[in-house]
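Down below is the structure, laid out as structure tokens.
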Amino acid sequence: QVQLAETGGGSAQAEGSLRLSCAVPISSGDNYCVGWFRQDGDNRRAVVATDVVAEIDSDGHTRYEKPVKGRFTISQDNAKNTVYLQMDFLKVEDSGLYLCGADFRQRAGVGACQYKHFGQGTQVTVSS
């Protein structure tokens with residue numbers, strides 16, 4: 001069973017920054033997508049496609065949802081089996097439960113990711 005674990009959540013002021021980390025078994029040579037998802041509140045529910053905020057694949061392609069474009073940066077470190085979400089210029093509406101998800105299919109790639117594996121999430125609270 002694939003296990004993912006998110007860390008780095010917490011509280012921040014608006015216009016501040018946080019960096020989230022997702023421990024996920026990614027290796028050079030593998031094909032994968034890893035995405036970050038946001039859910040309102042602090043109770044985890046089934047992840048849906050509209051929860052996604054940013055994605056990255058094994059070729060380094062990235063995609064961002066409009067509300068976070070230019071403020072969030074997704075990156076990966078294969079040696080550390082970690083995908084990061086750098087969140088800058090935070091807004092109150094960025095608050096929520098952030099989860100990471102992974103797709104390890106051979107055809108996985110940004111624009112065609114199908115996430116089957118998710119972590120439990122880390123809470124982000126942004127105050128004005």
Side-chain angles (χ1 to χ4, degrees):
Q1 176 146 354
V2 176
Q3 293 200 335
L4 286 73
E6 304 91 342
T7 55
S11 299
Q13 294 281 103
E15 298 296 309
S17 298
L18 283 172
R19 189 175 80 157
L20 307 183
S21 299
C22 172
V24 55
I26 53 174
S27 301
S28 299
D30 289 345
N31 215 52
Y32 58 82
C33 291
V34 176
W36 282 98
F37 300 77
R38 188 189 73 82
Q39 297 183 338
D40 288 329
D42 54 8
N43 288 319
R44 191 186 186 289
R45 53 165 172 78
V47 180
V48 296
T50 51
D51 292 339
V52 69
V53 296
E55 302 176 288
I56 191 166
D57 67 22
S58 45
D59 290 330
H61 300 118
T62 58
R63 190 181 72 84
Y64 300 90
E65 290 299 306
K66 215 177 266 189
V68 307
K69 208 167 186 178
R71 300 188 297 119
F72 290 9
T73 305
I74 190 169
S75 61
Q76 58 192 342
D77 186 332
N78 293 104
K80 294 183 179 179
N81 284 339
T82 303
V83 171
Y84 303 98
L85 186 68
Q86 178 66 41
M87 308 162 68
D88 298 318
F89 303 105
L90 284 163
K91 301 179 179 181
V92 172
E93 52 264 40
D94 293 324
S95 299
L97 184 68
Y98 282 76
L99 305 98
C100 62
D103 172 7
F104 293 108
R105 296 172 303 121
Q106 279 300 308
R107 291 176 179 264
V110 166
C113 302
Q114 297 178 18
Y115 297 95
K116 303 288 187 193
H117 312 282
F118 296 94
Q120 291 303 304
T122 185
Q123 192 69 33
V124 169
T125 303
V126 183
S127 54
S128 58

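Computation of the quantities below employed the complete heavy-atom set of this structure, encompassing side-chain atoms and omitting hydrogens, waters and symmetry-equivalent molecules.
In this structure, Thr62 and Val110 have side chains that are not in contact, with every pair of non-hydrogen atoms separated by 4.5 Å or more. Side-chain atoms of Val47 and Gln39, non-hydrogen and from C-beta on, do get closer than 4.5 Å to each other.
Although no hydrogens or angles enter the test, the distance criterion places a donor-acceptor pair under 3.5 Å between the side chain of Asn31 and the main chain of Ala108. Without hydrogens or angle criteria, Ser95 side chain to Val126 main chain gives a donor-acceptor distance under 3.5 Å. Side chain of Glu65 to backbone of Val53: no donor-acceptor contact under 3.5 angstrom is found.
Evaluation of the side-chain hydrogen bond (donor to acceptor under 3.5 Å, both in side chains) rule for Ser127 yields Gln13 as partners, not counting sequence neighbours. Listed by chain and number, the residues in a salt bridge (charged side-chain N to carboxylate O under 4.0 Å, His left out) with Asp57 amount to none (sequence neighbours excluded). In this structure Glu55 satisfies the salt bridge (charged side-chain N to carboxylate O under 4.0 Å, His left out) test together with Arg63, sequence neighbours excluded. For Arg71, the salt bridge (charged side-chain N to carboxylate O under 4.0 Å, His left out) partners at least two apart in sequence or on another chain are Asp94. Residues satisfying the salt bridge (charged side-chain N to carboxylate O under 4.0 Å, His left out) criterion with Arg44, sequence neighbours excluded, are absent altogether. Taking the side-chain hydrogen bond (donor to acceptor under 3.5 Å, both in side chains) definition, one finds that Arg107 meets it with nothing, sequence neighbours left out. For Val92, the side-chain contact (heavy atoms from CB on, under 4.5 Å) criterion is met by Ser128, not counting sequence neighbours. The ring-ring contact (aromatic ring centres under 6.0 Å, His included) check on His61 picks up nothing, with sequence neighbours excluded.
Using a 4.5 Å cut-off between side-chain heavy atoms of Ile, Leu, Val, Met, Phe, Trp and Tyr, with links allowed through other members, Leu85 and Val68 fall into the same hydrophobic cluster. The hydrophobic cluster containing Phe104 also contains Ile74, counting ILVMFWY residues as joined when their side-chain heavy atoms lie under 4.5 angstrom apart, directly or transitively. Cluster annotation: Leu90 is connected to Tyr98 through the hydrophobic network of ILVMFWY side chains, with a link wherever side-chain heavy atoms come within less than 4.5 Å. Taken together through direct or relayed side-chain contacts under 4.5 Å among Ile, Leu, Val, Met, Phe, Trp and Tyr, Tyr84 and Val52 form parts of separate hydrophobic clusters.
Residue pairs meeting the salt bridge (Lys or Arg N to Asp or Glu O under 4.0 Å) criterion with at least one member in residues 45-54, sequence neighbours excluded: Arg45-Asp51. Residue pairs meeting the ring pair (Phe, Tyr, Trp, His ring centres under 6.0 Å) criterion with at least one member in residues 2-57, sequence neighbours excluded, are Phe37-Tyr115, Phe37-Phe118. Annotation: salt bridge (Lys or Arg N to Asp or Glu O under 4.0 Å) contacts involving residues 9-32, sequence neighbours excluded, are absent.
Taking all atoms of both residues into account, the shortest heavy-atom contact from Leu97 to Gln123 is CD1-OE1, 3.5 Å. The shortest non-hydrogen separation linking Val2 to Pro25 is CG1-CG, 3.9 Å.
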message: Under the criterion side-chain contact (heavy atoms from CB on, under 4.5 Å), I'd like the reasoning laid out for Gln76 against Val34: C-alpha separation, chi angles, the key distance, then a yes or no.
response: CA-CA 9 Å; Gln76 58 192 342; Val34 176; 5.9 Å; no
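Here the CD1 atom belonging to Ile56 is positioned 13.0 Å from the SG atom belonging to Cys100, to the nearest 0.5 angstrom. Note that CD of Gln86 is 8.5 Å distant from CG of Leu18, once rounded to the nearest 0.5 Å. Rounded to the nearest 0.5 Å, atoms SG (Cys22) and CG (Leu4) are 4.5 Å apart. The line from OG of Ser58 to CG of Asp103 is 9.5 Å long, rounded to the nearest 0.5 Å. Within the model, atoms SG of Cys33 and CZ of Arg105 stand 7.0 Å from one another, a figure rounded to the nearest 0.5 Å. Interatomic distance, Phe72 CZ to Leu20 CG, rounded to the nearest 0.5 Å: 8.0 Å.
Heavy-atom neighbours of Gln3 CD from other residues, nucleotides or ligands within 6.0 Å: at or below the threshold of 12.
Side chains of Asp88 and Ser17: a donor-acceptor N/O pair is present below 3.5 angstrom, by distance only.
Grouped by direct or indirect side-chain proximity (heavy atoms under 4.5 Å, Ile/Leu/Val/Met/Phe/Trp/Tyr only), Phe89 sits alone.
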